[in-house]
Each structure stands twice: as C-alpha cells, then as structure tokens.
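This report refers to the structure that appears directly beneath it.
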Amino acid sequence: MSAPLILALETSCDETAVAVIEGVTRLRSSVIASQAELHAAYGGVVPEVASRNHLAQVRGVVGQALEEAGVELSRIGAFAGTTGPGLASALLVGASAAKGLALAAEKPFLAVNHVEGHLLSPFFGSEEVPPCIGLVVSGGHTLLVDVESAGHYRLLGRTLDDAAGEAFDKVAKLLGLGYPGGPEIEAVARGGCAERFALPRSMQCSGDHNFSFSGLKTAVRYLLPQTAPADRADLCAGFQEAVVDVLVGKTVRAARARRRKLVAVSGGVGGNARLRERLAAEAAHCGLEVRFAEPWLCADNAAMIAYVAALHWRAGRTSPLGQDIVPTLGQDLFANA
Ligand code: KG4
Ligand code: ZN
C-alpha cells in the first residue's frame with residue numbers, strides 16, 4: 001500500500017500554488033501560478049488584485065496538480081492550506097478551498113503556517129528535521145529561529161521594521177528597477193563595486209538577534225540625488241552587501257549563542273547568490289554547516305506547505321475546520337519551544 005497523499009494549497013501572497021505529496025518525502029506534483037506580472041505595474045502586491053486572481057485560478061491549479069500527480073481527488077487522504085501569515089483576503093481563498101475539499105471528502109484538514117513552510121524547506125525531502133538555527137528571509141519576514149525539531153521552535157529575533165526582501169523591493173523601486181526587486185538588484189549588483197558607497201549595517205552590533213533594514217533603504221534614498229545613472233551598479237552592490245553583512249553576522253552569532261552546528265536558510269532572499277556565497281564561506285570558517293533551501297523552494301510554493309502538513313499529520317496533528325486565518329505572524333508557531 002502506498003503512503004497517504006496530502007493536497008496542499010498556498011495563496012498567502014501573489015502565488016496560487018498547489019502540491020500533492022505522498023508520505024513525507026515523495027513530491028508527486030507542485031504547480032505554481034504566479035501573479036507577479038499583474039502586480040509589477042504597481043511596484044508591489046495589491047491585495048484585492050491578488051485575492052480576485054486566486055479565486056479565478058484556484059480550481060484550475062488544483063486540477064492541474066492532481067493531473068500531474070496522476071491521482072484522483074478521491075485518493076487524497078488529507079487537505080492542507082496556508083492559514084497565515086499573509087494577506088487576509090488572499091489567505092482566505094486557499095484556506096477556504098482546502099477546508100471545502102476536506103469537508104466534501106470527509107477527510108482531515110491541516111492548517112499550515114507559511115513561515116513554518118519556509119523554515120523547514122531546507123530539509124524538504126528528509127524524513128526528519130535536525131536541530132538548527134533557521135534564517136527565514138522573505139518579502140514579509142526576516143526571522144532567526146532556534147529549531148529543536150519539527151513543531152518545536154523558539155523565536156530568537158525578527159526585523160523591527162522592513163523585512164530584507166521588502167528592503168530589496170523598495171530600493172529597487174527607488175532605483176527604477178522592476179518588481180520583485182531582489183533578483184533585479186542582484187543582477188545589476190554583479191557589475192558594481194560594493195565598497196564605493198558607505199551604507200549602514202543597522203543593529204549589527206545590537207547584542208540581540210533582531211534586525212532593522214529601513215535605515216539602509218533611507219540611506220540609499222538620500223544618496224540617490226548625489227549619484228548618476230552610471231552609479232546604479234555600485235549602489236546596488238553596496239546595498240546588497242550591507243544586507244548580506246548583517247544577515248551573515250547575526251546568523252553566525254545566533255548559532256554560537258544557541259550552540260547549534262547547523263544553519264538552515266530559506267525564503268525568497270535565501271535565493272540570493274551573494275548571501276549563499278558569503279554565508280557558506282563564513283560558516284566554513286566558523287565550523288558550521290549550512291543547508292540552503294533549493295532555489296525552486298525559496299520563492300513561495302505549495303510543496304513546502306505540503307511537507308510541513310505531512311510532518312504534522314504523521315505526528316497525529318490535524319486542525320479543526322473552524323480554524324480561522326491569522327494574517328500576522330502571531331506567537332502560536334513558537335508556543336511549543
Ligand atoms: O519567500 P517569498 O517568495 O515571498 C514571501 O513570503 O515574502 O519572497 C519574496 C521576496 C521578495 O521581496 C523578493 O524581492 C525577494 O524575496 N527575492 C530576492 C531574491 N529573489 C527573491 N531578494 C534578494 N535576492 C534575490 N535573488
Ligand atoms: Zn513566503
């Protein structure tokens with residue numbers, strides 16, 4: 001007999017994503033319908049545009065995920081949906097679809113935290129989650145988490161203002177680059193000199209595990225009138241290096257403080273090549289091991305949600321159909337430290 005199948009939906013931001021997983025480790029399908037082009041015209045995600053588009057897409061994406069998995073809907077043993085954090089109107093679409101499917105099929109429903117999806121994505125494909133320090137760097141979050149095992153997390157620190165990805169997006173907008181800003185800045189930075197402009201490394205020596213990126217964004221804004229279009233590569237390289245410096249320094253510091261030997265990096269910014277290169281080098285220097293989420297798992301997707309759902313289901317945890325969405329990070333995720 002094959003392992004049980006879970007169908008998971010993810011609609012917390014601007015991707016309508018559905019995945020089917022068999023057991024904990026065997027991904028049967030992962031489909032992502034991105035709305036990035038729709039939002040590019042606005043330079044950021046417009047919540048109502050996102051939720052309307054999720055509604056239009058969700059049925060087709062579920063169908064495609066089942067087809068690519070080669071399974072009938074009736075063979076799905078449980079349905080999972082991201083219930084937060086994210087845009088409320090967007091979350092409602094995927095979470096409600098997952099609950100509706102579970103209700104109609106009389107199968108369990110599993111509410112999954114989007115941040116947990118990112119956090120565990122470096123271990124996607126593994127039966128177990130080892131103790132580590134998790135660095136989650138996305139458009140909505142910048143977190144350092146002490147991971148004991150799946151389901152047992154202690155929040156060490158978070159951004160006090162902008163998330164790292166948000167800073168990339170805002171600086172890209174200031175520089176007239178496209179959305180999402182991270183990959184655009186990374187590409188322009190390749191030809192630049194990171195030392196040319198002196199940019200702040202906020203809170204690098206704050207003594208805690210928190211971050212702040214809004215001052216860096218403001219510093220770029222003040223520099224702009226004094227620069228020419230030809231300076232853009234240097235500005236991008238300098239900005240990227242400042243973000244990377246802080247992320248690397250604070251992650252290594254957290255690993256030392258918690259005596260962890262492994263660091264796990266996830267989220268959209270986790271795909272940044274300079275961050276991966278610098279963290280890998282620093283970790284090797286300090287005797288730490290680093291696991292990066294694979295690039296296809298860094299951006300939002302439903303495979304990471306399915307993986308978390310599978311781990312929870314195996315541990316005997318399911319969620320009531322009445323479980324509401326929670327748009328903010330909240331503290332529930334860290335209640336079982
Ligand atoms: O994880 P994600 O897809 O969505 C959220 O949960 O937020 O992350 C998206 C964020 C955006 O802010 C985007 O600009 C950033 O990740 N990002 C990057 C890179 N690729 C995506 N930032 C820096 N370098 C990249 N290569
Ligand atoms: Zn995300």
Side-chain angles (χ1 to χ4, degrees), residues 8-17 19 30 32-36 39-40 42-45 47 50 82-87 90-91 94 112-122 124 134-143 145 158-159 162-175 177-190 192 211 213-214 216-217 236-237 239-248 265-279 292-305 307-308 327-329 333:
L9 290 104
E10 152 63 42
T11 63
S12 67
C13 192
D14 60 346
E15 265 92 28
T16 317
S30 174
I32 303 172
S34 174
Q35 307 176 4
H39 299 281
Y42 305 97
V45 178
T82 304
T83 49
L87 303 169
L91 285 166
V112 177
N113 185 299
H114 182 81
V115 166
E116 190 175 9
H118 280 303
L119 181 65
L120 302 192
S121 62
F124 188 83
L135 171 69
V136 181
V137 265
S138 70
H141 304 280
T142 302
L143 304 173
V145 181
R158 58 195 294 186
T159 180
D162 292 347
E166 193 179 353
F168 269 96
D169 294 337
K170 287 179 175 171
V171 167
K173 202 169 178 177
L174 282 175
L175 297 176
L177 298 170
Y179 170 85
E184 301 263 338
I185 289 189
E186 181 175 356
V188 177
R190 253 175 233 131
F211 299 91
F213 293 106
S214 74
L216 174 58
K217 170 199 67 194
C236 285
F239 163 78
Q240 177 175 262
E241 204 66 17
V243 174
V244 167
D245 262 350
V246 178
L247 292 176
V248 170
V265 184
S266 59
V269 185
N272 183 280
R274 184 70 184 147
L275 173 63
R276 291 169 96 98
E277 177 190 20
R278 287 274 319 276
L279 194 53
F292 295 99
E294 285 184 40
W296 70 276
L297 279 166
C298 282
D300 285 347
N301 64 86
M304 66 183 188
I305 303 300
Y307 178 55
V308 169
T328 58
L329 177 60
L333 186 59

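As the structure lists them, so they are numbered: ligands from 1, and atoms in each ligand from 1. Values below: all heavy atoms of this structure, side chains included; hydrogens, waters and symmetry mates excluded.
Scanning all protein heavy atoms for the shortest distance to atom 7 (O) of ligand 1 gives G139 N, 2.7 Å. For atom 2 (P) of ligand 1, the nearest non-hydrogen atom of the protein is D300 OD1, 3.5 Å. Regarding atom 18 (C) of ligand 1, its nearest protein heavy-atom neighbour is G182 CA, 3.4 Å. E186 OE1, 2.6 Å is the protein heavy atom nearest to atom 26 (N) of ligand 1. In terms of protein heavy-atom proximity, atom 19 (C) of ligand 1 is nearest to G268 O, 3.5 Å. Nearest non-hydrogen protein atom to atom 12 (O) of ligand 1 is D169 OD2, 2.7 Å.
Heavy-atom separations between S12 and ligand 1 are all 4.0 Å or longer. Ligand 1 lies within reach of G140, whose nearest heavy atom is under 4.0 Å from it. For the pair H118 and ligand 1, a heavy-atom separation below 4.0 Å is found. Using a 4.0 Å cutoff on heavy atoms, Q240 does not count as a contact of ligand 1.
Here H141 has no heavy atoms under 4.0 Å from ligand 1, in either its backbone or its side chain. The backbone of C298, and not its side chain, has at least one atom closer than 4.0 Å to an atom of ligand 1 (non-hydrogen atoms only; backbone = N, CA, C, O). Contacts of N272 with ligand 1, taken as heavy-atom pairs under 4.0 Å, involve both backbone and side chain.
Of all protein atoms, those that are N, O or S and lie under 2.8 Å from the Zn ion (ligand 2) total 3.
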Item to complete: Please lay out, stage by stage, how V112 and E10 fare under the test side chain to side chain contact (heavy atoms under 4.5 Å, CB included).
Response: CA-CA 9 Å; V112 177; E10 152 63 42; over 6 Å; no

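Of the charged side-chain nitrogens involved, none lies within less than 4.0 Å of a carboxylate oxygen, so that E166 and K217 do not count as a salt-bridged pair. The existence of a salt bridge linking R274 and E186 is excluded, since no basic side-chain nitrogen approaches an acidic carboxylate oxygen closer than 4.0 Å.
When side chains are defined from C-beta on, L333 counts as touching V115, because their heavy atoms get closer than 4.5 Å. Between L329 and R158, the closest side-chain pair of non-hydrogen atoms falls below 4.5 Å.
The aromatic rings of F211 and F213 lie parallel to each other, with less than 30° between the two planes, well short of the 60° mark.
Shown here for C298 and A293, the closest heavy-atom pair between the two residues is SG-O, 3.6 Å. Pairing each heavy atom of A164 with each of V137, the nearest pair is CB-CG1, 4.1 Å. Taking every heavy atom of both residues into account, N113 and P85 meet most closely at OD1-CD, 3.5 Å.
Looking at ligand 1, you'll find an N or O of H114 within less than 3.5 Å of one of its N or O atoms. In terms of polar-atom proximity, P180 is not counted as a contact of ligand 1, lacking any N or O under 3.5 Å from an N or O of the ligand.
Shown here is R276, whose CZ atom has more than 12 heavy atoms of other residues, nucleotides or ligands within 6.0 Å.
Residues F168 and F239 bring their aromatic ring centres within 6.0 Å.
There is a side-chain donor-acceptor pair under 3.5 Å between N272 and Q240. Using a 3.5 Å distance cut-off with no hydrogens or angles, the side chains of S12 and H114 do pair a donor with an acceptor.
Near S138, with a cut-off below 4.0 Å to any heavy atom, the atoms of ligand 1 are 1 (O), 5 (C), 6 (O), 7 (O), 8 (O). Under a 4.0 Å criterion applied to the non-hydrogen atoms of G181, ligand 1 contributes the atoms 14 (O).
L177 CG to I185 CD1: the interatomic distance, rounded to the nearest 0.5 Å, is 6.0 Å.
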